[in-house]
Peer 1: 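Here you go, one structure.
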Amino acid sequence: MVRATEAGRHRVVVVGAGFGGLWAIKSLKGAPADIIVIDQRNHHLFQPLLYQVATASLAPSEIAWPIRSMLHDRRDVSTILATVTGVDVEGRAVQLADGSAIPYDTLILATGARHGYFGHDEWEEFAPGLKTIEDATAIRGRILAAFEAAERETDPVRQQALLTFAIIGAGPTGVELAGTIADLAHDTLPRDFRAVDTHRTKVLLVEAGPKVLNGYPDALSSYAKSALEKLGVEVCLGDPVTQIERGAITFGERRVEARTIVWAAGVRASPAAQWLGTAADRNGRILVEPDLSVPGHPEIFAIGDTVSVKAPNGSPVPGIAPAAKQEGAFVGETIRRRLAGKAEPTPFRYHHQGSLAQIGKRKAVIDFGRIRLRGAVAWWLWGIAHIYFLVGVRARLSVALNWLWIYTRNQRAARLITQPKGEAALD
């Protein structure tokens with residue numbers, strides 16, 4: 001039950017407790033408003049490290065924290081675990097799956113995105129994407145189950161298919177997944193299996209574009225490609241995937257049998273634009289005003305992966321955590337100033353703080369603009385940056401110790417197949 005707001009107090013409803021939603025709430029601390037945060041999961045997720053759960057490097061509890069625990073000292077904030085199904089724009093209420101509605105004076109939509117398959121949604125069954133803890137544990141189960149099945153397979157062709165992993169999309173997530181799976185197969189698992197040589201594992205990184213890490217400088221992109229190939233990853237550029245079926249993918253003129261396929265090629269925004277009946281880009285992201293409000297509805301804001309925003313140089317603002325944080329803080333400050341009767345901030349301006357991507361367990365690339373790093377030094381800085389942004393001392397220590405153990409001992413402690421019987425199995 002959500003407590004009633006005090007008489008005369010403004011009610012702000014925040015849908016989504018990701019980076020954007022939480023930073024909006026943080027920015028509203030002390031404002032004369034009651035805040036209600038609604039999320040369909042009870043935890044905030046540090047998505048930049050989600051791939052490490054999928055590849056058995058970290059446990060889910062090390063990168064996710066209960067929303068209520070994170071906000072327990074904010075008496076102005078109430079939390080609802082529910083699924084939003086729509087917005088009554090005229091009545092100013094958020095509609096929930098159980099038929100109830102939550103009224104608002106100001107609404108912030110920070111509903112995120114899911115994987116997008118460019119019109120081939122039927123591919124999702126065979127090539128899951130990576131956006132949630134459930135996605136990560138399911139992919140982890142598929143990866144580990146493939147090695148287990150290969151251990152028992154006597155037919156060499158079928159065994160090689162089990163040892164072939166295809167990652168579609170060579171952005172940061174695809175690069176990080178490919179490198180970590182290669183490390184897992186070549187460094188962690190060989191001593192644990194008897195009948196199968198895990199060094200025979202083949203990891204394919206398939207990208208329709210001409211380079212890995214599109215958006216990074218060419219020198220860093222070339223280094224990343226070379227580093228992946230040294231890990232044993234086969235990088236396939238310039239050919240889009242034209243077919244995904246159970247146990248195989250087709251790209252260009254080539255069909256490859258791969259029993260484990262992971263999608264890291266594209267995303268599609270939540271249906272927030274449909275809820276509002278407002279304009280969106282081809283990926284479903286709301287086309288917002290310069291102050292991140294929805295056109296025609298100054299009382300509704302949208303942030304994070306839910307929106308399409310231009311950076312000062314005219315390029316799209318990337319769908320990364322720092323961008324969502326900046327947008328959330330901007331919207332929170334805008335609402336605070338409105339409530340105080342002050343002039344609102346200037347239009348939102350995104351400040352790029354740099355791009356980072358890990359390549360295996362000892363290398364990374366970092367682009368800070370004028371400063372560009374690669375190799376082991378970049379890996380250490382990548383690790384420090386990610387540990388810094390984790391929530392709580394316990395999580396930081398746990399992740400740091402896990403990485404140190406992987407770095408020195410080549411062991412990953414989170415190698416658990418946790419799906420119900422049959423789900424992780426490969427038929």
Side-chain angles (χ1 to χ4, degrees), residues 2-18 20-25 27-28 31-41 76-114 267-310 317 319 324 327-339 341 344-345 347-348:
V2 179
R3 69 174 187 274
T5 56
E6 297 179 18
R9 286 190 43 106
H10 195 86
R11 174 179 280 201
V12 179
V13 173
V14 181
V15 181
L22 288 183
W23 255 251
I25 293 169
S27 183
L28 282 167
D34 289 318
I35 302 167
I36 298 173
V37 57
I38 307 171
D39 200 295
Q40 61 185 344
R41 291 177 174 82
D76 57 328
V77 181
S78 297
T79 302
I80 297 177
L81 177 64
T83 299
V84 173
T85 57
V87 176
D88 179 358
V89 175
E90 298 301 322
R92 294 197 178 187
V94 174
Q95 300 165 333
L96 306 182
D98 63 4
S100 63
I102 305 296
Y104 65 83
D105 296 307
T106 296
L107 175 62
I108 302 174
L109 294 172
T111 46
R114 288 287 290 170
V267 297
R268 182 164 184 81
S270 72
Q274 300 173 29
W275 298 343
L276 303 174
T278 192
D281 68 8
R282 63 179 183 178
N283 291 318
R285 294 173 297 198
I286 298 173
L287 303 176
V288 291
E289 299 286 4
D291 66 351
L292 303 182
S293 66
V294 174
H297 297 282
E299 76 284 359
I300 303 177
F301 295 90
I303 57 178
D305 290 336
T306 311
V307 302
S308 176
V309 185
K310 295 290 185 182
V317 171
E327 292 165 6
F330 174 87
V331 166
E333 180 60 21
T334 298
I335 297 170
R336 174 189 290 277
R337 295 182 71 86
R338 281 185 185 180
L339 295 176
E344 296 180 18
F348 173 74

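Basis for what follows: all heavy atoms, side chains included, without hydrogens, waters or symmetry-related copies. Everything quoted here is computed from the prediction, not taken from an experiment.
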Peer 1: Would you name the heavy atoms of Gly21 and Val14 that are closest together and state the gap between them?
Peer 2: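 Where Gly21 meets Val14 most closely, the heavy atoms are CA-CG1, 3.8 Å.
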
Peer 1: For a quick test of reading the model, state the closest non-hydrogen atom pair linking Val309 to Glu327 and the distance between them.
Peer 2: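 In this case the closest contact between Val309 and Glu327 is CG2-OE2, 4.1 Å.
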
Peer 1: How about Leu276 and Leu109: do any of their side-chain heavy atoms sit closer than 4.5 Å?
Peer 2: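 Contact flag for Leu276/Leu109 side chains = yes.
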
Peer 1: Please round to the nearest 0.5 Å and tell me the distance separating atom CG of Leu96 and atom CD of Gln40.
Peer 2: 11.5 Å

Peer 1: Any donor and acceptor pair, going by atom type alone, linking the side chain of Thr306 with main-chain N or O of Gly112 inside 3.5 Å?
Peer 2: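 Present.
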
Peer 1: Report yes if the side chains of Ile335 and Ile108 come closer than 4.5 Å at any heavy-atom pair, otherwise no.
Peer 2: yes

Peer 1: Looking at Phe330 and Leu292, what are the two nearest heavy atoms and their distance?
Peer 2: CD2-CD1, 3.9 Å

Peer 1: Checking side chain to side chain donor-acceptor pair (under 3.5 Å) between Thr106 and each of Arg11, His10, Arg338, which is the one that passes?
Peer 2: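 Going through the options one by one, the only one that passes is His10.
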
Peer 1: Testing the basics here: between Asp76 and Arg9, what is the closest heavy-atom pair and its distance to 0.1 Å?
Peer 2: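 Closest approach of Asp76 to Arg9, heavy atoms only: CB-NH2, 4.4 Å.
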
Peer 1: Are any non-hydrogen side-chain atoms of Val15 and Val13 less than 4.5 angstrom apart?
Peer 2: yes

Peer 1: So His297 and Thr278, do their side chains get closer than 4.5 Å, heavy atoms only?
Peer 2: no

Peer 1: Donor-acceptor pair, Ser27 side chain versus Ala329 backbone, under 3.5 Å?
Peer 2: yes

Peer 1: Using a 3.5 Å distance criterion without hydrogens, assess whether the side chain of Arg285 forms a donor-acceptor pair with backbone atoms of Gly304.
Peer 2: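 Answer holds: no.
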
Peer 1: With rounding to the nearest 0.5 Å, note down the distance linking CD1 in Ile38 to OG1 in Thr83.
Peer 2: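 Atom-to-atom, Ile38:CD1 and Thr83:OG1 are 10.5 Å apart.
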
Peer 1: Please report the interatomic distance CZ(Phe348) to CD(Glu289), rounded to the nearest 0.5 Å.
Peer 2: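 It is 15.0 Å, given to the nearest 0.5 Å.
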
Peer 1: Roughly how far, to the nearest 0.5 Å, is the OG atom of Ser293 from the CG atom of Leu107?
Peer 2: 12.0 Å

Peer 1: Would you say CD of Gln274 has more than 12 non-hydrogen atoms from neighbouring residues, nucleotides or ligands within 6.0 angstrom?
Peer 2: no

Peer 1: Does any part of the side chain of Val12, heavy atoms only, come nearer than 4.5 Å to the side chain of Leu28, both counted from C-beta?
Peer 2: yes

Peer 1: Would a 4.5 Å heavy-atom cut-off, applied to side chains only, mark Tyr104 and Ile300 as touching?
Peer 2: yes

Peer 1: Of all heavy-atom pairs between Ala110 and Gly20, which one has the smallest distance, and what is that distance?
Peer 2: CB-C, 4.4 Å

Peer 1: Measure the CD-CD1 distance between Gln95 and Ile102 for me, rounded to the nearest 0.5 Å.
Peer 2: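 Output value for this atom pair is 11.0 Å.
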
Peer 1: With a 4.5 Å cut-off on side-chain heavy atoms, are Glu299 and Asp105 touching?
Peer 2: no

Peer 1: Taking side chain as C-beta onward, heavy atoms only, is Ile303 less than 4.5 Å from Trp23?
Peer 2: no

Peer 1: Write down the atom of Ala113, the atom of Asp305, and the distance for their closest heavy-atom approach.
Peer 2: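 Reported closest heavy-atom pair: CB-CB, 3.7 Å.
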
